[in-house]
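Working notes for the structure below.
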Number of protein chains: 2
Amino acid sequence: MGVRPETEMTTYDVYAKNCPTRLVLDRLADKWALLVLNRLREEPVRFNQLRRDIEGVSQKVLTQTLRNLERDGLIRRQIFPTVPVTVEYSLTPLGQTLTRTVAALAHWAEENIDAVLTAQQTFDASRASHAHLR
Amino acid sequence: MGVRPETEMTTYDVYAKNCPTRLVLDRLADKWALLVLNRLREEPVRFNQLRRDIEGVSQKVLTQTLRNLERDGLIRRQIFPTVPVTVEYSLTPLGQTLTRTVAALAHWAEENIDAVLTAQQTFDASRASHAHLR
DNA sequence: GGCACCTAGTACCTATTGGAAACCAACCTA
DNA sequence: TAGGTTGGTTTCCAATAGGTACTAGGTGCC
């Protein structure tokens, strides 16, 4: 990356309305994007394989998600002129630095799902008992 | 966490359509939720303070976000009968285990924003040069 | 020749989201 | 009694997202 002047480094603030970091966070705050990144962490995957692996995603939305991630430089799209055509998606080096964090998020979800479900039940039960107040 | 039978531990799969971990990931895949969690990492914050700190969030959406996070057991809502009423939001222990990861995500965004913006420009320029093909 | 496969692009329509603003409740102050 | 403050809820409306389905193109298979 080379030497970079520190001009305005401190002005980046995720809480600020027009800060570009917000744009990045918006992009990452997408369940399909997170799932795609996490899936690609293991290996390069083809379009229809992704479509099959990630249950519930429609063709259109998967295309959009992949296009966005590609635009952000997080994944790479490679076309192989086989028959029928093969399109392989893989992580860029930049994407790889991110997926460690994404993997941690997915891991957290799998680890703490029980606690979350319990909390939800407690919350809902509490709400139900107060229902007459509404 | 104590001893826990390993029954069906391996059945949790974020890629599966109806897996509960998907629900958690969906909840986390929300830019306002991430921003709120990250803000609460520092200290307990009151409703209107959050509203002011997180630029661009509307009252309605902030309320919904907080309610969801509370339901998931990630944040706690405390009412102090002052005048006017004080409502303070803080992280639960469960929420704290998560925010380390959330913070890493926000940190990544601030660190790599330049690379992402550059990638976007390259991508858009490439698209523009191929525009005549469309 | 027709059909299937793979990776899309695009159009149409509907469901959900989200913003703006009004309303509410309690209580203090002027 | 009017007005202000905190922390909401509710209603209305517009924008966006997303699903379905049709189209396409190149090629091997039967």
Side-chain angles (χ1 to χ4, degrees), chain A residues 17-18 22-23 25-36 39-40 44-71 75-90 123 126-127 130-134, chain B residues 17 22-23 25-36 39-40 44-71 75-90 123 126-128 130-134:
Chain A
K17 201 170 187 173
N18 298 317
R22 263 283 189 82
L23 301 176
L25 209 59
D26 287 6
R27 179 69 25 91
L28 299 179
D30 179 279
K31 66 171 177 175
W32 300 124
L34 289 178
L35 286 172
V36 166
R39 180 66 186 82
L40 292 186
V45 185
R46 298 171 59 182
F47 183 86
N48 274 342
Q49 190 60 49
L50 274 175
R51 187 151 145 64
R52 280 187 293 267
D53 287 350
I54 302 175
E55 287 182 32
V57 69
S58 74
Q59 189 177 38
K60 177 183 161 185
V61 171
L62 181 56
T63 300
Q64 288 172 349
T65 303
L66 290 169
R67 210 57 70 245
N68 283 333
L69 290 174
E70 187 192 359
R71 188 173 107 97
I75 67 175
R76 187 170 49 149
R77 178 175 185 266
Q78 280 179 292
I79 307 175
F80 299 98
T82 54
V83 160
V85 63
T86 297
V87 179
E88 195 176 85
Y89 294 91
S90 56
F123 183 89
S126 168
R127 288 229 110 186
H130 294 317
H132 61 281
L133 296 177
R134 284 190 291 154
Chain B
K17 202 169 187 173
R22 262 285 188 81
L23 302 176
L25 209 59
D26 288 6
R27 178 72 22 93
L28 299 179
D30 178 281
K31 64 172 176 174
W32 301 125
L34 289 177
L35 287 172
V36 165
R39 180 66 185 82
L40 292 186
V45 186
R46 297 170 59 182
F47 183 84
N48 275 341
Q49 189 61 47
L50 273 176
R51 187 153 145 64
R52 279 188 293 268
D53 287 350
I54 301 176
E55 287 183 32
V57 68
S58 74
Q59 190 177 38
K60 176 182 159 185
V61 171
L62 181 56
T63 300
Q64 289 173 348
T65 303
L66 289 169
R67 210 60 71 244
N68 283 333
L69 290 174
E70 187 193 358
R71 188 173 107 96
I75 67 176
R76 187 171 49 148
R77 179 173 184 265
Q78 280 179 292
I79 307 174
F80 300 98
T82 54
V83 161
V85 62
T86 297
V87 180
E88 194 177 87
Y89 293 91
S90 56
F123 184 88
S126 167
R127 288 229 110 184
H130 293 319
H132 61 281
L133 295 176
R134 284 191 291 154

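Below, chain A is the first sequence line, B the second, and so on; all start at residue 1.
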Considering only heavy atoms from C-beta outward, does the side chain of A/L50 approach that of A/L66 to under 4.5 Å? yes

Of A/D30 and A/P84, whose closest DNA chain D nucleotide lies nearer the 5' terminus? A/D30

So which one's nearest nucleotide on DNA chain D is more toward 5', A/W32 or B/V83? B/V83

Is [X] close enough to [N] that one of its side-chain N or O atoms is under 4.0 Å from OP1 or OP2 there?
| X | N | answer |
| --- | --- | --- |
| B/Y89 | D/dG8 | yes |
| B/R46 | D/dG7 | yes |
| B/R77 | D/dG8 | yes |
| B/T86 | D/dT6 | no |
| B/R67 | D/dG8 | yes |

Length of the line joining [X]:[atom1] and [N]:[atom2], which is rounded to integer Å:
| X | N | atom1 | atom2 | result |
| --- | --- | --- | --- | --- |
| A/L62 | D/dG19 | CG | P | 11 Å |
| B/R51 | D/dT5 | CZ | C1' | 13 Å |
| A/Q78 | C/dA8 | CD | C1' | 18 Å |
| B/E70 | D/dG8 | CD | C1' | 13 Å |
| B/F80 | D/dT5 | CZ | C1' | 18 Å |
| A/Q59 | D/dC22 | CD | C1' | 11 Å |
| A/K17 | C/dG18 | NZ | C1' | 13 Å |
| A/R52 | C/dT7 | CZ | C1' | 12 Å |

Which of the following nucleotides, [options], is nearest to the side chain of [X]?
| X | options | value |
| --- | --- | --- |
| A/K60 | C/dG18, C/dT7, D/dG19 | D/dG19 |
| A/S58 | D/dG19, C/dA8, C/dG19 | D/dG19 |
| B/V61 | C/dA8, D/dT9, C/dG19 | C/dG19 |

May I ask you to say what A/Q64 touches in the nucleic acid, namely base, sugar-phosphate or nothing, with a heavy-atom cut-off under 4.0 Å? nothing

Closest heavy-atom contact between B/R51 and B/S58? NH1-C, 3.8 Å

Closest heavy-atom pair and its distance - A/A29, B/K31: CB-N, 3.4 Å

For A/N68 and A/Q64, test the side chains for any donor-to-acceptor distance below 3.5 angstrom and give the result as yes or no. no

Return yes if some donor-acceptor pair links the side-chain N/O of B/T86 with the main-chain N/O of B/T82 below 3.5 Å, else return no. no

